[in-house]
Amino acid sequence: MAFQFFKKPDPDMSKRVPPGQSLTDRFPVLHYGPVPFTDLAKWDFKIFGTVEEPVRFNWDELMALPQSEITTDIHCVTRWSKLDTVWTGVLVKDLMKNVKLKPESHFVLAHAEHGFTANIPLEVFLDDDVMLAHSFDRKPLARDHGYPLRLLVPKKYFWKSAKWLRGLEFMSEDKPGFWERNGYSNSADPWKEERYNDDNW
Ligand SMILES: Nc1nc2c(c(=O)[nH]1)N[C@H]1C(S)=C(S)[C@@H](COP(=O)(O)O)O[C@H]1N2
Ligand SMILES: [Mo]
């Protein structure tokens, strides 16, 4: 801790920290419910809802899609932010080359193990930095951080980044996910401090 005092505050860094957040070098673990055990041989990933054809990938098929690495900042509603986190996986823009959306698709519901869900508007989902991530710091995700696959939505508070992701449902209407039904903001923009749901639902 004491060494922190010798660090010059970096103005560029503080610009990257949204209001009400503090930086951490740790990687806290936060979720509701138990951590699943996953057998990759039985694992699958389903894309359904307002699509022309539902799509299913097994693990090898998903890993055969183009792989990318991104470095990005993440912000948790419990007030920690972490800068320059490194993730590897399939960018949504590459994934979506395999999916034909019906024109009425406007929202996405991420489905995870044990019924956990998180919702985002389609245009947020289609952003360049949204990824199905299987590795953090160039190592496979730890079980409690979402092994084998999690969604990464860097521009939103981190609860939108569903761990243990198993599918994506495209929808014409918005539908609140797990935390959105339990008091958290639907829009969840850390730069606007959209933490709780007095503003929506
Ligand atoms: N499946 C699932 N994903 C989840 C959650 C959860 O309860 N279940 N919690 C979210 C919340 S509230 C946060 S802050 C982040 C935490 O991710 P981490 O444990 O890797 O830091 O996961 C999100 N993804
Ligand atoms: Mo959270």
### Query
Yes or no on side-chain contact (heavy atoms from CB on, under 4.5 Å) for W80 and F27, after CA distance, side-chain angles and deciding distance?
CA-CA 9 Å; W80 56 266; F27 193 0; 4.1 Å; yes

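- Between Y184 and W159, the distance separating the two ring centers is shorter than 6.0 angstrom.
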### Query
What do the steps show when you test V153 against F125 for side-chain contact (heavy atoms from CB on, under 4.5 Å), and what is the final call?
CA-CA 7 Å; V153 188; F125 176 76; over 6 Å; no

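- Under the 3.5 Å distance criterion, the side-chain polar atoms of T117 are matched with a main-chain donor or acceptor of F178.
- The main-chain N or O of D44 is found under 3.5 Å from a side-chain atom of R166 such that the two form a donor-acceptor pair.
- Side chains of N186 and N197: a donor-acceptor N/O pair is absent below 3.5 angstrom, by distance only.
- Other residues, nucleotides and ligands contribute at most 12 non-hydrogen atoms within 6.0 Å of the CD atom of E173.
- Here the straight-line distance linking atom CD1 of I70 with atom CG of L152 works out to 5.0 Å at 0.5 Å rounding.
- Of all heavy-atom pairs spanning A133 and L141, the tightest one is O-CD1, 3.4 Å.
- Atom NZ in K175 sits 9.0 Å away from atom CZ in R181 (nearest 0.5 Å).
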### Query
Passes side-chain contact (heavy atoms from CB on, under 4.5 Å), L168 versus V99? Steps please.
CA-CA 11 Å; L168 296 165; V99 181; over 6 Å; no

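- Atom CH2 in W179 sits 14.0 Å away from atom CZ in F158 (nearest 0.5 Å).
- Side-chain N or O atoms of T38 include none that pairs as donor or acceptor with a backbone N or O of L40 at under 3.5 Å.
- One finds the CD atom of E53 at 13.0 Å from the CG atom of N98 (value rounded to the nearest 0.5 Å).
- The salt bridge (Lys or Arg N to Asp or Glu O under 4.0 Å) test applied to R138 returns E69, not counting sequence neighbours.
- Side-chain contact check for R56 versus P54: every heavy-atom pair is 4.5 Å or farther apart.
- Taken from NZ in K156 to OG in S185, the straight-line distance is 7.5 Å, to the nearest 0.5 Å.
- With hydrogens and angles disregarded, a donor-acceptor distance shorter than 3.5 Å links the side chain of T85 to the backbone of T72.
- Grouping the Ile, Leu, Val, Met, Phe, Trp and Tyr side chains by contacts below 4.5 angstrom, directly or via other members, places F116 apart from L151.
- When hydrophobic clusters are built by joining Ile, Leu, Val, Met, Phe, Trp and Tyr residues whose side-chain heavy atoms come closer than 4.5 Å, directly or via intermediates, V92 is not grouped with F107.
- Partners of K155 according to the salt bridge (Lys or Arg N to Asp or Glu O under 4.0 Å) rule, which considers only residues two or more places apart in sequence or in another chain, are D127, D129.
- Among all heavy-atom pairs drawn from D189 and W191, the shortest one is OD1-N, 2.8 Å.
- In plain terms, the two heavy atoms of P190 and P19 that are nearest each other are O-CD, 3.9 Å.
- A 4.5 Å side-chain heavy-atom check between K46 and V55 finds every atom pair outside the cut-off.
- Side-chain atoms of L126 and K93, non-hydrogen and from C-beta on, never get closer than 4.5 Å to each other.
- When all heavy atoms are compared, the tightest approach of L91 to S68 is CD1-OG, 3.5 Å.
- In terms of modelled atom types and a separation under 3.5 Å, the side chain of R79 and the main chain of G20 share a donor-acceptor contact.
- D137 places no side-chain N or O within 3.5 Å of a backbone atom of K139 that could act as its donor or acceptor partner.
- A donor-acceptor pair is defined here as one N or O able to donate and one able to accept, closer than 3.5 Å; such a pair exists between the side chain of K160 and the backbone of N119.
- The CE atom of M171 sits 9.5 Å away from the CZ atom of F48 when rounded to the nearest 0.5 Å.
- Within the 3.5 Å criterion, the main-chain N or O of T50 finds a donor-acceptor partner in the side chain of S105.
- Taken together through direct or relayed side-chain contacts under 4.5 Å among Ile, Leu, Val, Met, Phe, Trp and Tyr, L65 and W87 form part of one hydrophobic cluster.
- Across C76 and L30, no two heavy atoms sit closer than the pair SG-CD1, 3.5 Å.
- Both F45 and V130 belong to a common hydrophobic cluster when Ile, Leu, Val, Met, Phe, Trp and Tyr are linked at side-chain heavy-atom distances under 4.5 angstrom.
- Looking at K82, its side chain never comes within 3.5 Å of a backbone N or O of L23 through a donor-acceptor pair.
- Under the 4.5 Å side-chain contact rule for hydrophobic residues, V124 and Y157 do not share a cluster.
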### Query
How far apart are the C-alpha atoms of F170 and I47, what are their side-chain angles, what is the distance that settles it, and do they pass the side-chain contact (heavy atoms from CB on, under 4.5 Å) test?
CA-CA 8 Å; F170 292 89; I47 299 176; 3.6 Å; yes

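- The minimum heavy-atom distance linking H145 with R150 is given by the pair O-NH1, 3.0 Å.
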